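Just so it is clear, the values below take in all heavy atoms, side chains as well, and ignore hydrogens, waters and symmetry mates. Throughout, a chain's letter reflects where its sequence line sits, starting with A, and its residues are numbered from 1. Computed from a predicted structure; not experimentally measured.
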Amino acid sequence: MNFDPRFSGRKFASVGTRPIRPDGVDKVTGRARYGADFNMAGQLVGRVLRSPHAHAKIRKIDISKAEKLAGVKAVITAKDLPDLTDGDAAMYDILDNCMARTKALYDGHAVAAVAAIDARTARQALKLIEVDYEILPHVTDVDEAMQHHAPLINDTIFTEGLEEKPVKPSNVTKRSQFGHGDVHQGFGHADFIVERSFKTEQTHQGYIEPHACVASVSSDGTADLWVCTQGHFVYRQHCAQLLGMEASKLRVTSSEIGGGFGGKTHVWAEPVALALSRKAGRPVKLVMTRDEVFRASGPTSATSIDVKIGARKDGTITAAEATLRYSAGPYAGSWAEIGAMTAFACYKLDNVKTVGYEVLVNRPKTAAYRAPSAPMAAFAVESAVDELAKELGMDPVDFRIKNAAQEGTRSSYGPVYGPIGIGPTLEAVKNHPHMKAPLKKNQGRGMACGFWFNFGGQTCTDLNIGMDGSVSLAVGTVDVGGSRASLSLVAAEELGIAYEHVKAIVADTSSLGYNDMTDGSRGTFSSSMATISAARNAIRILRERAAQMWDISVDDVVWEQGHAVAKGEKHGNLGRLSLKEIAAESGKTGGPIAGHSELVADGAGVSFATHICDIEVDPETGSTRVIRYTVVQDAGKAVHPTYVEGQYQGGAAQGIGWALNEEYIYGKDGRLQNAGFLDYRIPVCSDLPMIDTQILEIPNPNHPYGVRGVGETSIVPPLAAIANAVSNAAGVRMTHIPMSPPRILAAIEAERGG
Amino acid sequence: MAGIAVSTTINGDTIEYLCQPDETLLDVLRDRLGLTGAKEGCGTGDCGACSIILDNRLVCSCLVLGAEAEGRRIETVEGMAHGDQLHTLQQKFLEHAALQCGICTPGFLIAAKDLLAKNPDPTEEEIRFGLAGNLCRCTGYDKIVRAVQDAAIVMKGA
Ligand code: FES
Ligand code: FES
């Protein structure tokens, strides 16, 4: 659907207002039902046994003692799941991650599961399962895993994307390259070149709600699954495919979701819960502990990145190059590829080259985390850009403005940009009072830019008009942060009725056509497009009904502000019919009135943000404090501005945690040492200042209102913005994230010593 | 294993239940009494999602045993509203959009209620430290702090 220029100057009635969300009261009264808040009659408790080893062959699993324990109703291992060894490799990997078939590939990898009458019995049963492991050498570090002598994680993986097909298997699953021009020549024209290597540690999405589901498989092969997920249609597809069921027989209902950030786009325990239920013949509830969430779900990639950027004295970048190594856990993904695509996306470059290597390690399978792969690449690139500006003696904002991509720029990853927001966010930052505020001793200011693609995808929406004129909107994109409010606003806008008369719900997989997940910042973008289209279909019917009521031609009826209006001289005395009046007569004019929409929401406009932050560093301890933080981001059109601000603030806060604190710490034994919120410390209220936001609106030409996704981009700039601020405060370039006190102190001391 | 009989007061009502000696109060509330407003984010006292008020003290119900509730007074999020009249904090959380996913919200509401009961006129810093035991991964806390500030003003005036 194209941007409708009529809307650019249009005064919206509903869109852009800030009403209370429709699911709000249930959420402040404790009534909203999340993954673990649902129960079924006769339900059993499921629990999963996990490998304590980073890498081990599973010789034998003896479940006989566990099965004999009173109260145990089912015990399963990979043997109880379909063997997909010769089937689809991607599906094999998903199932193998849910339950290890031949080898445990990371500390926390599931190897068996039980269903019992209560939690205590289930826990006891796990202790009775005997697993005979043959411990294998492991590797958890991304750089070490690339070495020739590194333990091999999967001997069927041969690096893809090399000129010659390799003869030996490798932990490197894929080499991906992007760019254009000739970087060698470009560096030849540079007066200044900055070259640096960076590292980022693995972090977890850290949603507060652990994964939870209730599965119920009946003996006739039909099944229900209640689950917290970002995509119940995808979960249905995957679970059905993995377990050899017909998708239509599996009804998946998405619960309220207590945070996902990408981590709830992958199935983990759901196929296991279904398999347990099938075997036990009873519903099974499976809820992960926090320890399991850290050890077996999420996290993002750890990375190691080299960047080289050259510029002329006048500040024009002549060439930019990066090599990016991303850990993937034990299964192939496309994490390095995405990093290599996003790295230089903010800039207009004649000569650019990025090469990504995706690397297998003995850590949990890498999962999407808000603009997955982009923050690390941005950290490396934006740190180098800052350093280069300094060498050139240029203001870092001016340097970026001079090189910023524009409409018509060929992006570093290929496509040519339409209207984009990188320039405007930089100009807004340049003029922001934050940039001029004085700094105190030991404080430093940093800024950085970020890019994210955004995604559209398959979307299906139903809009039903009740006989009282109220509207039920059923969408298939899970509401992760207020999208039911924004979609109700959109329906109200199109129909010309009040927001209060629209009630949006997330429908289950049997009530609506297929929807992709809520990922790629697509929730409001794609479902608003489908809602607009469904509303317009409903309006067509409303006009027909009004025409019938008036006994005139439908061509003479237009829809204006919630009313059918008869046009033309001859109908001068017909007046107007409200949506409510037409709906009241619907029983007599042809039955229920509804609008449906099925579409692929193409054209999710790319998104840019620029962040500013002030950090204070204690040079004696290396500890840091965020003093002030500002987010400037293009939203295309902010449908519900308060929730847009919320996305900006939330992404920034996650980025602050990533930059300063959060990291997976592995011991020499390959075991995760900080699988809990005490030792994996996410920012708390007293760690942060208010987070200022500025919403820019550069309409997306592919959406009727100009909407762009807003959920993810806000996590892209913080790592770099904070690193630049800390570097400025401490007087030494920080190259390793998180910048925990010991790392900062070591950098300061090295600088002093050197 | 024999259950322990417990008689306690929850949101003003006398409630009796049987629980196991190793069962947490959070499990009792959620699994035995159907009060699923308190959430389990960690089970180790680190996230505050399970916050309740026990005899005027803010506690993590995942760190209290069900058996310990004998003869005590428990307040949970389910008891905050009076009939269909939301508590000021609940109303302000809605108005400020202080929740995105909302899983942390019951814990924050209870913690904020406890905070304002003890300090009706807190500074921003006092709010931030007062709520530092509750994790929110979605909001960056900005709107939560503003909602509590706004509620404090309204509640003082009331
Ligand atoms: S569940 Fe009690 S503090 Fe996290
Ligand atoms: S709103 Fe999601 S954790 Fe706070």
Note to self: Between A:Asp37 and B:Lys39 (salt bridge meaning N to carboxylate O under 4.0 Å), is one present in this structure?
What the structure shows: yes

In terms of heavy-atom pairs under 4.5 Å with chain A, the winner among B:Gly43, B:Gly45, B:Cys42 is B:Cys42

The side chain to side chain contact (heavy atoms under 4.5 Å, CB included) partner of A:Cys685 among B:Val145, B:Ile144, B:Val148 is B:Val145

If one checks every heavy atom of A:Val293 against chain B at 4.5 Å, the contacting part turns out to be neither

Exercise. Any side-chain heavy atom of B:Asp22 sitting closer than 4.5 Å to one from A:Arg120?
Worked result: yes

Taking every heavy atom of B:Lys143 against every heavy atom of A:Thr642, the minimum-distance pair comes out as CE-O, 3.4 Å

Whatever's closer than 4.5 Å to a heavy atom in chain B on A:Ile257 counts as backbone

Turns out that what part of B:Leu109 lies under 4.5 Å from chain A's heavy atoms comes down to side chain

Discussion item. For a 4.5 angstrom cut-off between non-hydrogen side-chain atoms, does B:Gln91 reach A:Ile20?
Written reply: yes

If one checks every heavy atom of A:Gln205 against chain B at 4.5 Å, the contacting part turns out to be backbone

Only residue of B:Met80, B:Gln90, B:His87 satisfying side chain to side chain contact (heavy atoms under 4.5 Å, CB included) with A:Val28 is B:Gln90

Tightest non-hydrogen contact, residues A:Pro210 and B:Glu40, listed as CD-O, 3.4 Å

Whatever's closer than 4.5 Å to a heavy atom in chain A on B:Glu23 counts as neither

So, the part of A:Pro19 with a heavy atom under 4.5 Å from chain B: the answer is neither

Closest non-hydrogen atoms of A:Leu688 and B:Arg128, given as atom of the first, atom of the second and distance, are O-NH1, 3.0 Å

Cut-off 4.5 Å, heavy atoms of chain B, and the answer for A:Ala32 is backbone

Counting heavy-atom pairs under 4.5 angstrom with chain A, the leader among B:Leu35, B:Ile103, B:Leu89 is B:Ile103

When the 4.5 angstrom heavy-atom criterion is applied to A:Phe261 and chain B, the contacting part is side chain

### Query
With a cut-off of 6.0 Å (strictly less than), are more than 12 heavy atoms of other residues, nucleotides or ligands near NZ of B:Lys118?
yes

Under 4.5 Å to a heavy atom of chain A? For B:Glu124 that would be side chain

Honestly, the part of A:Thr289 sitting under 4.5 Å from a heavy atom of chain B is neither

Looking only at B:Leu131, B:Asp31, B:Ile127, B:Leu99, most heavy-atom pairs under 4.5 Å shared with chain A are made by B:Leu99

Query raised in the report: Hey, does the side chain of A:Tyr34 reach the backbone of B:Gly102 with a donor-acceptor pair shorter than 3.5 angstrom?
Result: yes

In terms of heavy-atom contacts, A:Ile208 and B:Arg137 come closest through CG1-N, 4.0 Å

Honestly, the part of A:Tyr643 sitting under 4.5 Å from a heavy atom of chain B is side chain

Is a side-chain donor or acceptor of B:Tyr141 paired with a backbone partner of A:Asp687 at a separation under 3.5 angstrom? no

Rounding to 0.5 Å, atoms CD1 (A:Ile691) and OG1 (B:Thr139) come to a distance of 8.5 Å

Note: A:Phe677 and B:Gly41 closest approach over all heavy atoms is CE1-O, 4.1 Å

In terms of heavy-atom contacts, A:Ser686 and B:Ala132 come closest through OG-CB, 3.4 Å

Applying a strict 4.5 Å limit to non-hydrogen atoms, the region of A:Glu256 in contact with chain B is neither

